[in-house]
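Below is one structure, written out as structure tokens, with a few remarks after it.
Computed from a predicted structure; not experimentally measured.
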Amino acid sequence: MRRVVLALTAVVLLASCTGGDGDDTARPVPGARTGGTLTVGIGRPASIDPLDAYEPSGLLVARTMCDTLVELDPRTHRLRPGLAASWNVLDGGRQVSFRLRGSARFSDGSKVTAADVAFSLTRAASPSFAGRQAALLSAVSGWDDLQDEVGAPGKRSRLRLGGVRVVGAGAVEIAFSRPVGDAVALFTHPVTAPVSRAATERDPDGAGRRPVCAGPYRLTRAWSPADGTITLQRVNGYRGRPVYADRIEFRIGARSADVVVPTDVTATPAPGATRVSGPGPGVEYLALPTGTASPYRDRRVRRALDLATDRAVLVERTTPGRRAPARGFLPATIDGRACPEEVAAAADPEQARRLLRAAGIEPSGLPVRITVNDDGPNRAVADELARQWHDHLGLAVTVEVVAFDDLLARATGAAGIDGPVRVSWAAPYASADAHLAPLFAGGATTEANLGRWDDPEWDRLLDEDARTATDETDRVALYRRLALRLCDRLPSLPLTTSLAIADVRPDRVASTTGEWLDPLTGTPDLRRIWVRGGGSSP
């Protein structure tokens, strides 16, 4: 199924946090040098403007070039200062105040101010800008009013995002229309990265082709969608965490470079390159129609299908080297802990048959139709599930392949689905709430809850406890409880998790952290890669 992306939360949030300029807890490996040009092969970006970057190539350029108010530590998953030196969460997650780092500068040398932050958030959310990530800001107060700006000349709501208030040059307050447990984590995403108001207003049409943001690199020239390369140059005087290459040259469509993010993961790496992989942000599920008067409402039936699924064999026969067996409802980029004994890579056919018998169901009395859309290996996944369920349970399974729009219309229509449907889901940054709530909250009230799972206690725990928790330890534990409740009830079957892949040339470049891929995003951590033969120690 086409990946539906929605963002709101991360499992880590500090109610209050402070930090110094440019501090870094990760110590580089001995021998790391600064200097040189790092070459990177990527697909063609749709946009490199941080306020509008939405696909992998554009996001990689924007994340490398632009700093955000807050960062997530890739090792601990804890929030840490970025352009904001400190923050406070108030009113049970309904408001966040940021104090900007005094040394923060845009790539043109101008100071980052609260007015720039307010301008950038308004621009990103405005329908006149038509950014494809605007919905990520939908929880900010005033977002709905801003969407009404067309046809309402003179309205104050046209001028700014109402929930954003400038408090002097160095502080900004952001109010939300409802409690948001991940209020700070939202500001790790590039859509919230400040851009220079002055530079943007000087050239509003060209601002997206040469965004002036605050970060370690700047574009050497305005980008055009037809360009074959995108070159970033180190910013003199940058005071954030260390970066290593003097220049980063993105080569569009290149299969041979220091680092290549392959657009075709089935292709063999270029000579001299080594393929590396790590956890990706996506989880593939099989949504079950628990909201209908069907056998799937019986937890024993759902558990029997779970036990009849050999996830290791499923991966090996359909997506070897591209996905991994799922062990829980969250990807490792958010929480790598598995469900306790509930989701296993291997099947247990005998126990699965016992559960079906206990539910009073004969295999011949449970015809199963798996519906998938016609993308990628979806048909192969459904066919393998059909084979396993037939062999392990004796079920008569058919597979229906439809266009994505038809599948979504049927699943969200009045009648809903009447059999298992494959769903693939990923949040745009490490976000437990965004990964779980759209799929399992509120019965049929969320479009992505295709099985119409309805668990009032789960909803209460989410809305009243997890999203309003201000203590970090409590919040992490509450989101873990939400995931464990899903493990126990199995409203859908987690099948596989995505793998992030890159091809690297270890003879030419090295990682200062020992990891090529960012464990939070799955993309190459280009800021931490150094070029062998670089000029000096950092």
Worked verdict on Val40 versus Asp258 for side chain to side chain contact (heavy atoms under 4.5 Å, CB included): CA-CA 6 Å; Val40 184; Asp258 297 331; over 6 Å; no

As an exercise, state the distance from CD1 of Ile417 to OH of Tyr296, rounded to the nearest 0.5 Å. 9.0 Å

Test of understanding: with ring pair (Phe, Tyr, Trp, His ring centres under 6.0 Å), list the residues that count as partners of Phe187, not counting sequence neighbours. Phe98

Step by step, work out the side chain to side chain contact (heavy atoms under 4.5 Å, CB included) result for Arg44 and Ile252. CA-CA 6 Å; Arg44 187 167 299 281; Ile252 313 303; 3.7 Å; yes

Mark yes or no for whether Ser492, through its side chain, and Ala287, through its backbone, hold a donor-acceptor pair below 3.5 Å. no

Sub-3.5 Å donor-acceptor pair from the side chain of Glu71 to the main-chain atoms of Arg78, do we have one? no

Determine, for Arg303 against Asp306, whether the closest basic-nitrogen to carboxylate-oxygen distance falls under 4.0 angstrom. yes

Using a 3.5 Å distance criterion without hydrogens, assess whether the side chain of Trp458 forms a donor-acceptor pair with backbone atoms of Leu482. yes

Is any NZ, NE, NH1 or NH2 atom of the basic residue among Arg241 and Asp67 found under 4.0 Å from an Asp or Glu carboxylate oxygen of the other? no

From the list Leu520, Leu526, Asp525, Thr521, side-chain contact (heavy atoms from CB on, under 4.5 Å) with Thr523 holds only for Thr521

Got a donor-acceptor contact below 3.5 angstrom from the Tyr285 side chain to the Phe329 backbone? yes

Which heavy atom of Ala500 sits nearest to which heavy atom of Leu517, and what is that distance? O-CD1, 3.5 Å

Show every donor-acceptor pair shorter than 3.5 Å between a side-chain atom in residues 352-368 and any protein atom, with sequence neighbours excluded, or say none if there are none.
unit_1	atom_1	unit_2	atom_2	d
Arg353	NH1	His392	O	2.9
Arg354	NE	Gln351	OE1	3.0
Arg354	NH1	Glu350	OE2	3.0
Arg354	NH2	Gln351	OE1	2.5

Verify, without hydrogens or angle tests, whether Gln147 (side chain) and Trp143 (backbone) share a donor-acceptor contact under 3.5 angstrom. yes

What one should report as the nearest heavy-atom pair of Gly41 and Ala257 is N-CB, 3.8 Å

Side chain of Arg275, backbone of Val504: donor and acceptor closer than 3.5 Å? no

Have a look at Glu284 and tell me which of Arg322, Arg311, Arg422 forms a salt bridge (Lys or Arg N to Asp or Glu O under 4.0 Å) with it. Arg422

Tell me whether Asp459 contacts the main-chain N or O of Gly442 through its side chain, where contact means a donor paired with an acceptor under 3.5 Å. yes

Roughly how far apart are Leu407 CG and Glu400 CD, rounded to 0.5 Å? 8.0 Å

Donor-acceptor pair, distance only, cut-off 3.5 Å: does the side chain of Asn378 make one with the backbone of Val372? no

Closest approach of Gly163 and Val140, non-hydrogen atoms and distance? CA-CG1, 4.2 Å

Step by step, work out the salt bridge (charged side-chain N to carboxylate O under 4.0 Å, His left out) result for Asp52 and Arg132. CA-CA 6 Å; Asp52 189 35; Arg132 281 153 287 196; 2.6 Å; yes

Within the side chain of Asp91, is there an N or O that forms a donor-acceptor pair under 3.5 Å with the backbone of Gly93? no

Distance in Å, Leu493 CG paired with Leu307 CG, rounded so as to fall on 0.5 Å steps: 10.0 Å

Atom pair CZ/OG of Arg323 and Ser424 - distance to nearest 0.5 Å: 5.0 Å

Salt bridge (charged side-chain N to carboxylate O under 4.0 Å, His left out) between Asp391 and Arg387, worked out: CA-CA 6 Å; Asp391 292 350; Arg387 184 196 67 79; 2.9 Å; yes

Are the charged groups of Asp73 and Arg80 less than 4.0 angstrom apart, N to O? yes

Would you kindly say whether Asp49 and Ser47 are connected by a side-chain donor-acceptor distance under 3.5 Å? no

Do Thr371 and Val399 have side chains that approach each other closer than 4.5 Å (heavy atoms only, starting at C-beta)? no

Tell me whether Arg302 is salt-bridged to Asp298, with the criterion being a basic N under 4.0 Å from an acidic carboxylate O. no

Report the distance from atom OG1 of Thr319 to atom CG of Leu499, rounding to the nearest 0.5 Å. 8.0 Å

Main chain of Thr290, side chain of Ser294: is a donor-acceptor contact present, judged purely on distance under 3.5 Å? no

Side-chain contact, heavy-atom cut-off 4.5 Å: Tyr479 with Leu330? no

So which heavy atom on Ala124 is nearest to which on Leu137, and how close? CB-CD1, 3.8 Å

Just how far is it from atom OH of Tyr54 to atom CG of Leu136, taken to the nearest 0.5 Å? 13.5 Å

Identify the heavy atoms of Asp463 and Thr468 that sit nearest to each other, and give their distance. O-CG2, 3.6 Å

Run the side chain to side chain contact (heavy atoms under 4.5 Å, CB included) test on Val397 and Arg369 for me, step by step, so that the C-alpha distance in whole Å, both residues' side-chain angles and the decisive distance to 0.1 Å come before the verdict. CA-CA 6 Å; Val397 184; Arg369 179 177 64 187; over 6 Å; no

Derivation of the salt bridge (charged side-chain N to carboxylate O under 4.0 Å, His left out) call for Asp455 and Arg489: CA-CA 10 Å; Asp455 182 349; Arg489 284 153 177 77; 3.8 Å; yes

Take Leu461 and Arg481 through the test side chain to side chain contact (heavy atoms under 4.5 Å, CB included) and record every step on the way to the result. CA-CA 9 Å; Leu461 180 63; Arg481 279 182 59 191; 3.9 Å; yes

